[in-house]
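Remarks on the structure that follows.
All residue numbers in this chain count up from 1 along the given sequence.
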Amino acid sequence: MLEQRYRWKNKQLREHVDVIEGKKSPSILLRNARYLNQTFRKWMTANIWIYDDRIVYVGEKLPQRLDGCEIVDCTNYLLVPGYIEPHAHPFRLYNPLTLAAYASQFGTTTMINDNLQLFLQIEKKKAFSFLREMRHIPTTMYWWARFDAETEMKDEEVTFSHSNVKSWLEHDAVLQGGELTGWPRMLDGDDMMLHWVQEAKRMRKKIEGHFPGASERTLAKMTLFGADSDHEAISGKEVYDRLMQGYMVSLRYSGIRPDLPRLLDEIHELGIDTYDRFMFTTDGSSADFYENGFIDNMIKIAIDKGVPVIDAYNMATINVARYYNIEYLHGNIATGRVANINFLQDERNPTPVSVLAKGIWVKRNGKKDVDLYDTLPWNEFDLEPVSMDWELEFSMEDLQFSMPFGIEIENTVITKPYSISIDASFDELKSRDESFFVFIDRYGKWRINTILKGFAERLSGLASTLSRTGDIILIGKNKHDMLLAFNRVKELGGGIVIAESGEIVKELPLPLKGLMSDKPIEELIAVHKGFRAYMKEKGYHFNDPFQTLLFLSTTHLPYIRITQRGLYDVKKKIVLFPTIMR
């Protein structure tokens, strides 16, 4: 649990009142501020007093004391609340700190984050220490509590024990259970998952769904079980169906599913012209997708697509805050709220020129404060390089391929089965679109080998610790280069490495558990572009190779996945070929 259960102690609350009474000066006075007032749904002008991290007054009056107060003339600005990302995956090569730092420059100052990698990779006490540390950065960080691993794990019942899940649900920084990627299990009678949903509801916390392609009947069932929202609608009709069943709907604009423009067109065609049940999400996109912005970019798309300006801002602010029952802290510029404020030059351009987060200038006149999101002592949270004290044996069975059944890549994240017809007994494959594929336990205890079709045409050897569970992926046409890449990944302590013709040609260190970089997102954008371009040259035909590597082992998407338990048929829910102990 958080050491401080309440956001402000009694002493602080009395200091806030002292500012109103003229006994203390505000920290910042925003004079003549034209701001978005969501109570009256219009732009209004007021003086805004800020003390430390809180708005203590909004109205016509000026403070009685101004000693030490920073006075800002807001005549030339429009002020809106800081934007909220309700569905962040902060472990996509970047880490929660670097994602928060980057997003703040585009006005997103509150994030509600997936906890899955914290849950899977580090023990609970360390994870909660990390959450506590995140309270000290300018961005406000909230979290989810996952109920399943998105993949078939060995000993999942130990990792997702009742005590572990309940401890997360009870944490003050956790606002919801989910997302429910394992919802079919609940439909099939998993009462433990249903119990966790019930516990979340008892605690007045939300349940986030994950229902791609769900029928109206399924949506209704999941509502009855307790689901409150979903982000998987990919058409106007699917949005409509979710609204009809009482869902809050997150409209998505991500690297894999850049659906927002089409969704807005189609919901307008259906006559939907009220927006109170909508939120925005970028759904854990890769670094380079964020080059043009974050939630601010989605607001602009909505305005350009004919959403009324105030509704567009509300979808990124007050709608989210009301849904999560944090309106008393976030989502509007009003007395008592956290001082998260974006300063705009034009109501149709939601990218701010200045940003206040918890009353701190994280961006001022287009320039960011580089020291506000300083690095963390990652090793204190067990977020350190991967140690692999075992060897991959080329001459033994580690790189032998005799399975008759393989995996074919259909798009960036969807796979399907196929029957292997080539001779895979050689050290190098000559087939144009088929590669060796190995999935190995990060501790070297088990492995599974098969053939991957359609991933790349000319990739000699790739090794990656980027996977859903942090286990190791090897892909390539040449076993020697695959082994070379693997040994370099070991030296790096985790990452993605490509070898060609006996040489390392590309590498991306991931020193945080082999899953995340400690570099700023601005640097990762350039790295990501270079890696993507290289993979295109090698015959990768899809959108994002990083997402493909990550999702190869996830079982919440069809159809065939490689998991800790073996080659897995998602639809039939069976292991086709089990992993082999080494």
Side-chain angles (χ1 to χ4, degrees), residues 86-87 89 114 116 144 146-152 177-190 193-194 197 207-267 269-270 272 277-285 407-417 468 542-544 547-548 550-561 563 568-574:
H87 189 91
H89 294 277
D114 186 3
L116 184 58
W144 321 345
R146 286 279 197 153
F147 298 161
D148 67 275
E150 288 192 351
T151 185
E152 290 295 305
E179 57 181 302
L180 294 181
T181 51
W183 61 271
R185 285 162 39 185
M186 194 155 59
L187 283 180
D188 290 341
D190 187 333
M193 186 176 289
L194 184 55
V197 171
I207 295 295
E208 168 78 4
H210 175 94
F211 309 137
S215 67
E216 185 180 36
R217 184 185 181 93
T218 296
L219 293 170
K221 290 178 183 178
M222 296 311 300
T223 302
L224 295 174
F225 279 142
D228 296 296
S229 66
D230 185 67
H231 59 282
E232 289 291 340
I234 62 173
S235 69
K237 177 62 165 57
E238 290 191 354
V239 170
Y240 179 86
D241 288 344
R242 283 157 174 76
L243 292 174
M244 285 294 293
Q245 298 307 318
Y247 286 80
M248 190 78 175
V249 178
S250 291
L251 304 178
R252 182 167 50 186
Y253 188 65
S254 71
I256 297 176
R257 298 290 330 182
D259 295 325
L260 181 63
R262 183 164 57 86
L263 288 176
L264 290 170
D265 285 341
E266 292 184 7
I267 65 176
E269 290 171 4
L270 290 170
I272 299 172
R277 300 292 294 174
F278 291 135
M279 304 183 288
F280 293 130
T281 181
T282 61
D283 196 17
S285 296
I407 300 176
E408 182 173 356
I409 305 289
E410 193 166 87
N411 63 31
T412 303
V413 297
I414 303 299
T415 59
K416 63 183 182 182
R468 173 55 69 213
F542 307 113
N543 183 47
D544 189 335
Q547 298 280 29
T548 300
L550 185 65
F551 281 93
L552 278 170
S553 55
T554 57
T555 55
H556 66 295
L557 294 169
Y559 290 94
I560 301 297
R561 301 285 154 172
T563 74
Y568 187 78
D569 187 314
V570 174
K571 190 173 182 179
K572 295 179 180 177
K573 302 181 181 64
I574 58 172

Flag side-chain contact, heavy atom, 4.5 Å: [X] against [Y]:
{"X": "Y240", "Y": "E266", "result": "no"}
{"X": "Y253", "Y": "P261", "result": "yes"}
{"X": "V249", "Y": "F278", "result": "yes"}
{"X": "I414", "Y": "L557", "result": "yes"}
{"X": "F225", "Y": "L180", "result": "no"}
{"X": "R257", "Y": "I234", "result": "yes"}
{"X": "L187", "Y": "M222", "result": "yes"}
{"X": "E232", "Y": "E238", "result": "no"}

Where is the tightest heavy-atom contact between [X] and [Y], given as atom of each residue plus distance?
{"X": "L219", "Y": "A214", "result": "CD2-CB, 3.9 Å"}
{"X": "R468", "Y": "S553", "result": "CB-OG, 3.2 Å"}
{"X": "Y559", "Y": "P417", "result": "CB-CD, 4.5 Å"}
{"X": "L116", "Y": "D114", "result": "N-OD1, 2.9 Å"}
{"X": "T412", "Y": "D544", "result": "CG2-O, 3.5 Å"}
{"X": "Y568", "Y": "I574", "result": "CD1-O, 3.3 Å"}

Set out, in order, the CA-CA distance, both residues' side-chain angles and the distance that settles side chain to side chain donor-acceptor pair (under 3.5 Å) for E179 and H556, then state yes or no. CA-CA 11 Å; E179 57 181 302; H556 66 295; 5.9 Å; no
Quick one: pull up [atom1] in [X] and [atom2] in [Y] and give me the separation to the nearest 0.5 Å.
{"X": "L263", "Y": "S250", "atom1": "CG", "atom2": "OG", "answer": "11.5 Å"}
{"X": "N411", "Y": "N543", "atom1": "CG", "atom2": "CG", "answer": "9.5 Å"}
{"X": "M193", "Y": "D148", "atom1": "CE", "atom2": "CG", "answer": "4.5 Å"}
{"X": "L251", "Y": "R277", "atom1": "CG", "atom2": "CZ", "answer": "12.5 Å"}
{"X": "D569", "Y": "R561", "atom1": "CG", "atom2": "CZ", "answer": "11.5 Å"}
{"X": "Q245", "Y": "R217", "atom1": "CD", "atom2": "CZ", "answer": "11.5 Å"}

Given R252, which of T281, D283, T282 fulfils the side chain to side chain donor-acceptor pair (under 3.5 Å) condition? D283
Between the side chain of T555 and the main-chain N/O of E150, is any donor-acceptor distance below 3.5 Å? yes
Ring centres under 6.0 angstrom apart (W144, H87): yes
E410 CD: over 12 foreign heavy atoms closer than 6.0 Å: yes
Describe, in one word, how the ring planes of W183 and F211 are oriented to each other, choosing from parallel (under 30°), tilted (30 to 60°) and perpendicular (over 60°). perpendicular
Could you give me the CA-CA distance, side-chain angles and deciding distance for R262 and D259, then say whether salt bridge (charged side-chain N to carboxylate O under 4.0 Å, His left out) is met? CA-CA 6 Å; R262 183 164 57 86; D259 295 325; 3.6 Å; yes
Could I get the full list of side chain to side chain donor-acceptor pair (under 3.5 Å) partners for D230, not counting sequence neighbours? R242
Intermediate values then yes/no, side chain to side chain contact (heavy atoms under 4.5 Å, CB included), D228 and M248: CA-CA 6 Å; D228 296 296; M248 190 78 175; 6.0 Å; no
Are the charged groups of D188 and R185 less than 4.0 angstrom apart, N to O? no
